[in-house]
Amino acid sequence: MNDNADRNADQELISATQLALPDQEQPDKLYIIPIHNRPFFPAQVLPVIVNEEPWAETLERVANTPHKRLALFYLDSPPAPGEPFDPERLPEHGTMVRIHHASREGGKLQFVAQGMARVRIRGWLHRQPPYLAEVEYPQSDEDPRDEVKAYGMALINAIKELLPLNPLYSEELKNYLNRFSPNAPSPLTDFAAALTTAPGNELQEVLDCVPILKRMEKVLPLLRKEVEVAHLQNELSAEVNRKIGDRQREFFLKEQLQIIQRELGITKDDRSADTDEFQQRLQGKVLPPAARKRIDEELNKLSILETGSPEYAVTRNYLDWATALPWGVHGKDKLDLKRARKVLDKHHAGLDDIKNRILEFLAVGAFKGEISGAIVLLIGPPGVGKTSIGRSIAESLGRPFYRFSVGGMRDEAEIKGHRRTYIGAQPGKLVQALKDVEVMNPVIMLDEIDKMGASYQGDPASALLETLDPEQNVDFLDHYLDLRLDLSKVLFVCTANTLDSIPGPLLDRMEVIRLSGYITEEKLAIAKRHLWPRLLEKTGIPKGRLAISDSALRQVIEGYAREAGVRQLEKQLGKLVRKTVIRLLEDPDLKVRITPKELERHLGKPVFRTEQVLSGVGVITGLAWTSMGGATLPIEATRIHTLNRGFKLTGQLGEVMKESAEIAYSYVSSHLEDFRADAGFFDEAFVHLHVPEGATPKDGPSAGITMASALLSLARNQPVKKGVAMTGELTLTGHVLPIGGVREKVIAARRQKIFELILPEANRGDFEELPDYLKEGLSVHFARRFDDVARVLFPTTA
């Protein structure tokens, strides 16, 4: 039944057009094919490609009609392969086209479609492929001729403007002019819309617009936009072509220049250019004979190698390093002690003993005429200025300064270089330093030397032994260069926080200078002279708009930055500046002076408070040294019960401090009668000795007399003299042994407002060497034996 209906429909379609002329036929029934790229306009003649399945039967039936016409409708999203489309999704208008030259190839059907007229569907005759519908041909109403003519002229002018910018449109224009009259506004408008690259939905709106004047109003903006895009593309193309032309011209000129140079015999290939460059680098340098011989051998090898070979790249890289070193080039030292003193004072406040030690070191060099063979180790807490002192030494000598950190270094090749046979091999840090500074006598700083590690790749600390030994570094051998370098003129400055992790042989080669930290007065001077002006300069605040009082500075130091260095102090001052900048921005005329009352609002509650020095029976204040500087160390002893004899220690004590406690317990127990205490006190007492701040590990040989004093106070049931702090190690026979870190411990005592100290007699010299401002107001007792300590703590003791 369906086949008969289709045949009847075809007969009706043929009979309806038998009397019409070929170009004037407008059948009222047309087969329909959807297209998906963009709408097809009546003014177009273009090839159309569709899938053989399901449109082959449709084209066969159209080919059997005398008029060879069908309708093309735009469908913005194609259906899935093999699925029919929904006829209800078709737009209102399509285009009737005439088919020419249909062909089939590779599963595709291709034909040339000649657009004839707009078409609108009135009703469907067949809703499955082949789709057949009754159609009608909408006609535009008569519009004002003058307006239509004006729009027509505007469209023609835009098309003329577009043609020179995009020659691709010229063929379409010729085809249009051959087929249509310029006075026909509808084909002109459709042709202009077809020229644009507007989206399919916008073009469909033009196709759906039948009235000619409205259609022209839609098409003219699309065409103008196309002209603007074409202008931009033309400008971009011109710019690209110009750049390409310049490069091609430059390339041709270079090629011609090379040909001319080759003909005249003045050309150089890459190999010759590299050799000449390396030879030029060596001019004015004094090379050892072995180095000169080795470099000449490598230059000869370079001259016979092919430039593209891997060995050429290795040899060239080697010569690049070897010839870049400053062989025999030495900078002249400025051995002026007055100038050196000014430089040190300019960059550092306080540290007078350190400055004097550096000046002594420079004076020896001035007397000798040169400074060589020196390795200085600056040791001290973080933030006290170790790195900046090394920089100041270089500035005072007029030498270039090179710094690199060895903290965390685990590979000895970082110091002595890699073997050339390895991929990515390069010299060690010392050779890199000499290349950068371009002299053989710089100041090289090895930062954080106490934080070096060791691994399967070697021990960098051991590799430094040859580097830092003045007797050996005259012939320092870098594994990459495999040449002897004279490092004896280099001034090495090392920094560390502690000595514990530095190997003994390495420490033995260095001259130790301790930076113990700053007291409040020194921090105050540093903040006023250096930190505060530097912070104002960084933030761009004029000095007159922001100031801080001395009392506020002192309170910041005491309450928020009590560490040995000044790094935390700088952070707190920086926070003050940032908080104040907001107020300065809000009021351009405001001038701020920070007072102590404002500190808590900006910095919060003080981190450090004035510590209450503990006192009472069995409570003693000791002095300790840490990597962060000196600190007070209270020690407490108490009797828990009298059921049995015993001794208990708490407070995260290390092995050394545990031994000191055992020695103090044994010594006091055996000498109770000598100190007027109950001789049987410890026979039936269980004693607990505690060092507060149990979460902080503590160790070191300096708390012996402090522990013994706490135990003696407990045994006598008598508190010790108030306001006394002590440090010293004790032997079983009662001798007081010397300790280290006297300066740090004195600073810690002054910070806690303790002005009476007990130190070992053997440390009298260390105390005498301290600056006068540290010793001022202190009452110091020097003890040879523990008896001397007891007499100070218990004045009634015989």
* To do: Applying salt bridge (charged side-chain N to carboxylate O under 4.0 Å, His left out), name anything that partners R567, two or more places apart in sequence or on another chain.
  =>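 With neighbours one apart ignored, the set is empty.
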* **Pairing residues for R403 by the salt bridge (charged side-chain N to carboxylate O under 4.0 Å, His left out) criterion, not counting sequence neighbours** =>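 Salt bridge (charged side-chain N to carboxylate O under 4.0 Å, His left out) check on R403 returns D447.
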* Of N763, T632, T727, which meets side-chain hydrogen bond (donor to acceptor under 3.5 Å, both in side chains) against K745? -> T727
Atom pair [atom1]/[atom2] of [X] and [Y] - distance to nearest 0.5 Å:
{"X": "I635", "Y": "M726", "atom1": "CD1", "atom2": "CE", "result": "9.0 Å"}
{"X": "T387", "Y": "M445", "atom1": "OG1", "atom2": "CE", "result": "5.0 Å"}
{"X": "C494", "Y": "I444", "atom1": "SG", "atom2": "CD1", "result": "10.5 Å"}
{"X": "D788", "Y": "E761", "atom1": "CG", "atom2": "CD", "result": "8.5 Å"}
{"X": "L778", "Y": "L770", "atom1": "CG", "atom2": "CG", "result": "9.0 Å"}
{"X": "M510", "Y": "L468", "atom1": "CE", "atom2": "CG", "result": "6.5 Å"}

* Asked: Picking from T650, T638, L653, what satisfies side chain to side chain contact (heavy atoms under 4.5 Å, CB included) with H690?
  ->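 Result: among T650, T638, L653, T650 is the only option passing the side chain to side chain contact (heavy atoms under 4.5 Å, CB included) with H690.
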Can you list everything that forms a side-chain hydrogen bond (donor to acceptor under 3.5 Å, both in side chains) with [X]? Sequence neighbours excluded, please.
{"X": "E448", "result": "K451"}
{"X": "E395", "result": "H347"}
{"X": "R341", "result": "N356"}
{"X": "E570", "result": "R534"}

* ring pair (Phe, Tyr, Trp, His ring centres under 6.0 Å) evaluation trace for F786 with Y667 -> CA-CA 10 Å; F786 186 73; Y667 175 78; 5.7 Å; yes
Got [X] and [Y] here, is their nearest side-chain heavy-atom distance under 4.5 Å?
{"X": "H641", "Y": "N644", "answer": "yes"}
{"X": "N497", "Y": "K386", "answer": "yes"}
{"X": "F686", "Y": "R645", "answer": "no"}
{"X": "L524", "Y": "R554", "answer": "yes"}
{"X": "T495", "Y": "I379", "answer": "no"}
{"X": "K721", "Y": "V724", "answer": "yes"}
{"X": "T706", "Y": "L633", "answer": "no"}
{"X": "F401", "Y": "I393", "answer": "no"}

* Asked: So Q718 and S713, side chain to side chain donor-acceptor pair (under 3.5 Å) or not? Walk me through it.
  -> CA-CA 5 Å; Q718 178 184 352; S713 171; over 6 Å; no
* After noting the C-alpha distance and the side-chain angles of T595 and S551, does the key distance pass the side chain to side chain contact (heavy atoms under 4.5 Å, CB included) rule? -> CA-CA 7 Å; T595 61; S551 56; 6.0 Å; no
* Asked: Does a sphere of radius 6.0 Å around NZ in K528 hold more than 12 heavy atoms from other residues, nucleotides or ligands, not counting ones at 6.0 Å or beyond?
  ->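 Count not over threshold, so no.
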* Is E768 atom CD crowded by more than 12 heavy atoms from other residues, nucleotides or ligands, each under 6.0 Å away? ->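 For E768, atom CD is crowded (more than 12 foreign heavy atoms under 6.0 Å).
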Of all the heavy-atom pairs spanning [X] and [Y], show the shortest one and how long it is.
{"X": "L603", "Y": "K575", "answer": "CD2-CD, 3.5 Å"}
{"X": "I557", "Y": "L569", "answer": "CG1-CD1, 3.8 Å"}
{"X": "G728", "Y": "I739", "answer": "CA-CG2, 3.9 Å"}
{"X": "Y665", "Y": "G646", "answer": "OH-O, 3.9 Å"}
{"X": "A703", "Y": "E729", "answer": "N-OE1, 3.6 Å"}
{"X": "F492", "Y": "L487", "answer": "CE1-O, 4.1 Å"}

* Can any side-chain N or O of K429 pair as donor or acceptor with the backbone N or O of F404 at less than 3.5 Å? ->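 No: the side chain of K429 does not pair with the backbone of F404.
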* To do: Spell out, as yes or no, whether a donor-acceptor pair under 3.5 Å connects the side chain of R639 to the backbone of F682.
  =>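 It does not hold such a pair.
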* Test item: side-chain donor near acceptor, E636 and H688, under 3.5 Å -> no
* **Carboxylate-amine/guanidinium proximity below 4.0 Å for D678 and R716** => no
* Asked: Is any NZ, NE, NH1 or NH2 atom of the basic residue among R743 and E769 found under 4.0 Å from an Asp or Glu carboxylate oxygen of the other?
  ->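 Judged by the 4.0 Å cut-off on N to carboxylate O distance, R743 and E769 do not form a salt bridge.
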* To do: Could you go through the side chain to side chain contact (heavy atoms under 4.5 Å, CB included) check for H530 and V566 one step at a time?
  => CA-CA 11 Å; H530 299 286; V566 294; over 6 Å; no
* **Evaluation steps, side chain to side chain contact (heavy atoms under 4.5 Å, CB included), between T731 and L737** => CA-CA 7 Å; T731 68; L737 300 181; 3.6 Å; yes
* V556 and L599: side chain to side chain contact (heavy atoms under 4.5 Å, CB included), yes or no, with the steps? -> CA-CA 8 Å; V556 171; L599 291 182; 3.7 Å; yes
